[in-house]
Undergrad: 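Once you've had a glance at the structure underneath, I'll fire off some questions.
The first residue of the sequence shown is numbered 1, and numbering continues consecutively from there. Since the model is a prediction, treat every value here as computed from it, not as a measurement.
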Amino acid sequence: MITVFGSINMDLIATTARLPKPGETVAGNGFATAAGGKGANQALAARRAGRYVHMAGGVGKDGFAADALALLDDAGTDLSLVKHVDGPTGTALILVGGDGENMIAVVPGANGLVTAADAETAVGRMNEGDILMLQLEVPVDAVEHALSAARAKGITSILNLAPLIPDAPRLGRLADIVIANETEFERLAGQVGMDAEAREAALYRLHQETGQTLIVTLGGDGVIAIRDGVVSRAQGLTIEPVDTVGAGDTFCGYFAASLDDGLDFPTALRRAAVAGSLACLKSGAQPSIPSSKDVADRI
């Protein structure tokens, strides 16, 4: 079983021919709303990958709450650990340029009211051998408590170091598996401007220090990872991206689901990389997450 402990948002998405520069206004050519939040995105990805998933987090008592949970509910995700609090549901304001790149501002809302007690409840319902997946869009103390409680119970923890907050390097040391993009990994390693050779050397160094499984996503260049002293690489698909906003979360959810399904590590990486590529072909974080069949067909 997979439990995802993290954020639940409503995404407000505007598309433009190009992203604005600071202080600049550009004309939009489209607008949509979509359920989002890194926690909810990853939970839906793991569920669409075919695994049983609990979502733990919070939504507000507002008009966005039901819509933010709708796709998770439709997919059969267990929502019994989602609390409803006074105030707004978390919101993400997203600009997507014509090349698929994006800019995002996140307003935490109910996500900011997720607590260490909520973490204790979520982990308390898990068993040894289960998988706990976390991100950094809920309060630091709640994430830290969840990671510590998981380790005490023999639960495998996966921490996605996004968004990149000051506590990310410290929290990263508490997880069994860390997933980061290039910028996040540089912060974890304490070294900026790494080329491919320096990145691989840093992977070895951190792995020797911590024994953790470390995964670095590289966008169109695929993924590099280290586990049990062995470096693995995987490629996604060659695509023309429409919207990259859901790619990282899709990778994380599919990777967790693949491990939970008993796939070996290189196969899990490849499956997750292909799923992340497919998520770039549609707009919106959750609507773009592919089905297990779609991923299998492309592999």
Undergrad: Test Asp297 against Lys293 for salt bridge (charged side-chain N to carboxylate O under 4.0 Å, His left out), laying out the working first.
TA: CA-CA 6 Å; Asp297 287 347; Lys293 183 182 184 303; 2.8 Å; yes
Undergrad: Which atoms form the tightest heavy-atom contact between Pro290 and Thr250, and what is the distance?
TA: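 Shortest heavy-atom contact: CD-CG2, 3.8 Å.
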Undergrad: Please step through side-chain contact (heavy atoms from CB on, under 4.5 Å) for the pair Phe64 and Leu12, ending with a clear verdict.
TA: CA-CA 11 Å; Phe64 284 152; Leu12 310 179; 4.2 Å; yes
Undergrad: Would Gln286 and Asn41 satisfy side-chain hydrogen bond (donor to acceptor under 3.5 Å, both in side chains), going step by step from the backbone distance to the final call?
TA: CA-CA 6 Å; Gln286 290 188 19; Asn41 296 345; 3.3 Å; yes
Undergrad: Can you confirm whether the side chains of Thr267 and Asp264 place a donor and an acceptor under 3.5 Å from each other?
TA: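 A pair is found: one side chain offers a donor N or O, the other an acceptor, under 3.5 Å apart.
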Undergrad: Report the residue from Leu134, Asp176, Val123 that forms a side-chain contact (heavy atoms from CB on, under 4.5 Å) with Leu147.
TA: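 Exactly one pass, corresponding to Leu134.
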Undergrad: Check whether any side-chain heavy atom of Arg233 sits under 4.5 Å from a side-chain heavy atom of Val223, and report yes or no.
TA: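 Answer no - side chains too far apart.
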Undergrad: Would you check if there is a donor-acceptor pair between the side chains of Arg151 and Thr156 at a distance under 3.5 Å?
TA: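 Side-chain D/A pair, Thr156 to Arg151: absent.
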Undergrad: Measure across His84 and Lys61 and return the closest heavy-atom pair with its distance rounded to 0.1 Å.
TA: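 Taking His84 first and Lys61 second, the nearest heavy atoms are O-CE, 3.6 Å.
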Undergrad: With a 3.5 Å cut-off and no angle check, do the side chains of Ser258 and Asp261 form a donor-acceptor pair?
TA: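 Asp261 and Ser258 do not have a side-chain donor-acceptor pair below 3.5 Å.
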Undergrad: Say whether Thr77 and Arg47, considering side chains only, have a donor N or O and an acceptor N or O under 3.5 Å apart.
TA: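 On atom types as modelled, these side chains do not qualify, holding no pair under 3.5 Å.
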Undergrad: With a 4.0 Å cut-off, would you call Glu209 and Arg173 a salt bridge?
TA: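 Answer for the salt bridge query: yes.
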Undergrad: Is there a side-chain contact between Asp73 and Met55, using heavy atoms and a 4.5 Å cut-off?
TA: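 No, side chains not in contact.
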Undergrad: Before you tell me yes or no, could you show the steps for Ile13 and Thr33 under side-chain contact (heavy atoms from CB on, under 4.5 Å), namely the whole-Å CA-CA distance, both residues' side-chain angles and the distance that decides it to 0.1 Å?
TA: CA-CA 6 Å; Ile13 308 159; Thr33 61; over 6 Å; no
Undergrad: Would you be so kind as to tabulate the donor-acceptor pairs closer than 3.5 Å made by side chains of residues 97-104, with sequence neighbours excluded?
TA:
from: Asp99; atom 1: OD1; to: Glu101; atom 2: N; distance (Å): 3.0
from: Asn102; atom 1: ND2; to: Thr244; atom 2: OG1; distance (Å): 3.1

Undergrad: Is the closest basic N to carboxylate O distance between Glu24 and Arg18 below 4.0 Å?
TA: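 Salt bridge present between Glu24 and Arg18.
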Undergrad: Hydrogens and angles aside, do Ser277 and Arg298 bring a side-chain donor and acceptor to less than 3.5 Å of each other?
TA: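 Arg298 and Ser277 do not have a side-chain donor-acceptor pair below 3.5 Å.
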Undergrad: Out of Leu203, Ile224, Leu161, which residue meets the side-chain contact (heavy atoms from CB on, under 4.5 Å) rule with Phe185?
TA: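 For Phe185, the side-chain contact (heavy atoms from CB on, under 4.5 Å) test succeeds with only one of Leu203, Ile224, Leu161, which is Leu203.
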Undergrad: Could you tell me which non-hydrogen atom of Ile158 sits nearest to which non-hydrogen atom of Ala256, and how far apart they are?
TA: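 For Ile158 versus Ala256, the nearest heavy atoms are CD1-CB, 3.8 Å.
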Undergrad: Any donor-acceptor pair under 3.5 Å linking the side-chain atoms of Ser7 with those of Asn9?
TA: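 No - no donor-acceptor pair under 3.5 Å links their side chains.
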Undergrad: Decide side-chain contact (heavy atoms from CB on, under 4.5 Å) for Asp260 and Met1; before the verdict, give the C-alpha distance in whole Å, the side-chain angles of both, and the deciding distance to 0.1 Å.
TA: CA-CA 7 Å; Asp260 193 53; Met1 185 187 72; 5.6 Å; no
Undergrad: Can Thr89 and Asp62 be counted as having a side-chain donor-acceptor contact under 3.5 angstrom?
TA: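 Yes - a donor-acceptor pair under 3.5 Å links their side chains.
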Undergrad: Kindly give the heavy-atom pair with the smallest separation between Val59 and Ala110, and that separation in Å.
TA: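 Closest approach of Val59 to Ala110, heavy atoms only: C-CB, 3.4 Å.
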Undergrad: Evaluate the salt bridge (charged side-chain N to carboxylate O under 4.0 Å, His left out) criterion for residues Lys282 and Asp243: first the C-alpha distance (whole Å), next the side-chain angles of each, then the deciding distance (0.1 Å), finally the verdict.
TA: CA-CA 6 Å; Lys282 295 180 181 178; Asp243 180 2; over 6 Å; no
Undergrad: Taking the side chain as C-beta and beyond, is there a heavy-atom pair between Arg271 and Ser292 under 4.5 Å?
TA: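 Yes, side chains in contact.
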Undergrad: Search all heavy atoms of Cys252 against all heavy atoms of Gln42 and return the closest pair with its distance.
TA: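 Nearest pair, atom of Cys252 first, then Gln42: CB-CD, 3.6 Å.
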Undergrad: Could you list all the ring-ring contact (aromatic ring centres under 6.0 Å, His included) pairs where at least one residue sits in residues 9-53, not counting sequence neighbours?
TA: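 Counting only pairs at least two positions apart or across chains, the ring-ring contact (aromatic ring centres under 6.0 Å, His included) contacts touching residues 9-53 are Tyr52-His54.
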Undergrad: Indicate yes or no for a side-chain donor-acceptor contact from Asp130 to the backbone of Asn127 under 3.5 Å, with no hydrogens or angles considered.
TA: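 Indeed, once roles are kept as given, a pair shorter than 3.5 Å links the two residues.
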Undergrad: Step by step, would you call Glu186 with Arg199 a salt bridge (charged side-chain N to carboxylate O under 4.0 Å, His left out)?
TA: CA-CA 8 Å; Glu186 288 183 355; Arg199 186 182 301 116; 5.5 Å; no
Undergrad: Please report the closest heavy-atom contact between Arg51 and Ala257, naming both atoms and the distance.
TA: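 Looks like CG-CB, 3.4 Å.
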